[in-house]
Visitor: 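One structure is given below, represented as structure tokens, and several questions about it will come after.
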Amino acid sequence: MKQYISIIIPVYNEERNISILYHELLDVLGSLQCDYEIIFVNDGSSDGSSVVIEALAEAEPRVKYLEFSRNFGKEIATTAGIIHAKGEAAILIDADLQHPPGLIPQFIAKWQQGADMVIGVRKRNPKEGIIKRIGGTMFYQLVNIMGETKITPHATDYRLIDRKVILAFHYFTEKNRLTRGLLDWLGFRRDYLYFDADPRRNGGATYSYRKLSRLAIYTFVSHSLFPLKVAGYLGLGITLFSGLFGTFIFIEKYILHDPWGLSFSGPAILAVINLFLVGIVLSSIGVISLYIGNIHEEVLARPLYVIRSQKNLDEKD
């Protein structure tokens with residue numbers, strides 16, 4: 001039997017790119033020995049994207065169409081596409097034509113060789129500004145240092161995910177999400193495909209710096225408790241420093257009777273005491289943050305574990 005592949009395309013104001021992408025996909029998919037569906041998820045576009053997609057769906061039953069009531073964001077649109085995908089594997093691809101459709105056979109080949117997830121990693125983006133490039137590099141470095149989930153630098157949403165990954169993804173409940181971060185959290189067997197991003201054919205980027213910054217913040221919050229623990233770490237450092245310094249002042253002034261002539265004044269001693277108390281307060285906040293972090297992880301309601309495969313077990317087991 002032919003394998004069944006789902007192509008998932010989130011769309012936001014890509015009226016002039018949709019038809020181009022669709023015909024390029026047909027050329028690639030037509031050369032493969034597989035059945036397929038193409039799922040367009042219209043994320044509240046304000047241009048004529050809906051008209052173009054509806055026309056494609058009317059002419060071709062394998063084109064599926066979801067339209068949101070408003071703009072919910074690319075991550076939610078991608079999630080909706082994954083949830084509705086029926087394929088044995090799904091390929092996520094952007095509608096702006098920066099992800100080359102010609103790489104799809106390579107994604108499928110790596111999947112057929114045993115990879116549960118094939119991740120497209122961008123080597124070069126000719127239109128990427130220096131601010132975005134530096135910001136992206138800093139983001140990946142920080143999230144991999146402070147986060148519990150390791151994210152491949154410059155990994156993109158252009159990737160193939162196996163059916164078992166799709167089913168596991170259904171268990172995520174976060175509203176603020178970075179899809180590729182959640183997929184990386186799941187684990188599974190991975191392979192990588194490196195590519196140079198094509199220039200955008202028409203239109204401009206719809207992801208503003210404000211949206212990117214907000215997405216980065218949500219990623220840190222959902223994949224790392226380090227920001228929550230900063231106050232505690234800072235408090236421990238201040239308490240240790242002020243405690244040792246205060247002990248030194250006490251011994252030097254009152255036990256040794258100031259042999260070095262440092263002449264610590266009353267206000268100086270009071271400042272050290274205040275610094276010590278501030279450290280105690282921050283350390284207490286750090287302890288509270290541990291409890292908040294535990295609540296945070298429970299509220300996320302992520303699965304306790306993810307099964308890649310099983311044998312001789314009932315479905316309920």
Side-chain angles (χ1 to χ4, degrees), residues 1-11 14 16-42 49 52-66 74 77-123 152 155-170 179-180 183 186 188-201 308-309:
M1 295 179 61
K2 291 184 178 181
Q3 292 173 314
Y4 190 65
I5 307 296
S6 299
I7 308 294
I8 299 170
I9 310 171
V11 175
E14 300 286 357
R16 292 186 292 169
N17 291 325
I18 293 171
S19 292
I20 301 173
L21 174 61
Y22 173 68
H23 287 97
E24 289 189 9
L25 287 172
L26 289 185
D27 291 340
V28 174
L29 295 171
S31 63
L32 300 174
Q33 297 298 317
C34 65
D35 291 326
Y36 61 88
E37 64 177 358
I38 300 176
I39 304 174
F40 287 97
V41 184
N42 186 8
S49 295
V52 177
I53 300 172
E54 286 178 357
L56 295 177
E58 286 287 335
E60 174 54 68
R62 287 182 289 189
V63 174
K64 312 296 174 62
Y65 178 42
L66 296 173
K74 179 186 176 183
T78 303
T79 297
I82 294 174
I83 290 173
H84 286 84
K86 304 299 182 184
E88 298 170 61
I91 296 175
L92 317 179
I93 185 171
D94 287 354
D96 59 9
L97 298 167
Q98 290 189 296
H99 295 164
L103 295 177
I104 288 178
Q106 297 181 50
F107 277 100
I108 295 176
K110 288 179 177 289
W111 169 59
Q112 291 172 337
Q113 292 167 8
D116 299 317
M117 190 184 313
V118 185
I119 302 171
V121 181
R122 187 180 64 246
K123 294 191 296 185
T152 304
T156 67
D157 291 324
Y158 192 20
R159 60 182 64 198
L160 179 148
I161 54 177
D162 184 82
R163 186 70 197 169
K164 61 177 70 72
V165 181
I166 295 172
L167 294 176
F169 185 83
H170 288 196
T179 305
R180 74 190 76 150
L183 291 172
L186 286 172
F188 290 103
R189 293 179 181 173
R190 305 179 197 177
D191 203 342
Y192 300 90
L193 190 61
Y194 296 86
F195 70 96
D196 291 329
D198 290 336
R200 169 183 276 273
R201 305 277 184 90
R308 182 178 181 273
S309 62

Visitor: With heavy-atom distances below 4.5 Å as the criterion, would you say the side chains of Thr179 and Phe169 are in contact?
Guide: yes
Visitor: Can Arg180 and Asp157 be said to form a salt bridge (Lys or Arg N to Asp or Glu O under 4.0 Å), step by step?
Guide: CA-CA 6 Å; Arg180 74 190 76 150; Asp157 291 324; 3.3 Å; yes
Visitor: Between Leu25 and Ile104, is any pair of side-chain heavy atoms under 4.5 Å apart?
Guide: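 The answer is yes; the side chains approach within 4.5 Å.
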Visitor: Do you know which two heavy atoms are closest between Phe195 and His99, and how far apart they sit?
Guide: CZ-CD2, 4.0 Å
Visitor: Answer yes if the side chains of Asn42 and Tyr65 hold a donor-acceptor pair under 3.5 Å, and no otherwise.
Guide: yes
Visitor: Rounded to the nearest 0.5 Å, how far does CG of Leu183 lie from CE of Met117?
Guide: 5.0 Å
Visitor: Identify the two heavy atoms, one from Cys34 and one from Gln3, that lie closest to each other, and give their separation to 0.1 Å.
Guide: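 Closest heavy-atom pair between Cys34 and Gln3: CB-O, 3.1 Å.
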Visitor: Please list every donor-acceptor pair under 3.5 Å in which a side-chain atom of residues 80-92 meets a protein atom from a residue at least two apart or in another chain.
Guide:
from, atom 1, to, atom 2, distance (Å)
His84, ND1, Ala80, O, 2.9
Glu88, OE2, Tyr4, N, 3.0

Visitor: Minimum heavy-atom separation for Pro100 to Asp196, with atom names?
Guide: CG-O, 4.0 Å
Visitor: For atom CD of Gln112, decide whether the heavy atoms of other residues, nucleotides or ligands shown that lie under 6.0 angstrom number more than 12.
Guide: yes
Visitor: Using modelled atom types and a 3.5 Å cut-off, is there a donor and acceptor pairing between side-chain atoms of Thr156 and backbone atoms of Arg122?
Guide: no
Visitor: So Arg62 and Asp35, salt bridge (Lys or Arg N to Asp or Glu O under 4.0 Å) or not? Walk me through it.
Guide: CA-CA 9 Å; Arg62 287 182 289 189; Asp35 291 326; 5.0 Å; no
Visitor: Run the side chain to side chain contact (heavy atoms under 4.5 Å, CB included) check on Ile18 and Leu21 step by step: do they pass?
Guide: CA-CA 5 Å; Ile18 293 171; Leu21 174 61; 6.0 Å; no
Visitor: Distance check, rounded to the nearest 0.5 Å: Arg159 atom CZ versus Ile8 atom CD1?
Guide: 12.0 Å
Visitor: Between Lys164 and Asp116, what is the shortest heavy-atom contact and its length?
Guide: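 Residues Lys164 and Asp116, closest heavy atoms: NZ-OD1, 3.4 Å.
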Visitor: Check the pair Ile7 / Tyr22 against side chain to side chain contact (heavy atoms under 4.5 Å, CB included), numbers first and verdict last.
Guide: CA-CA 10 Å; Ile7 308 294; Tyr22 173 68; over 6 Å; no
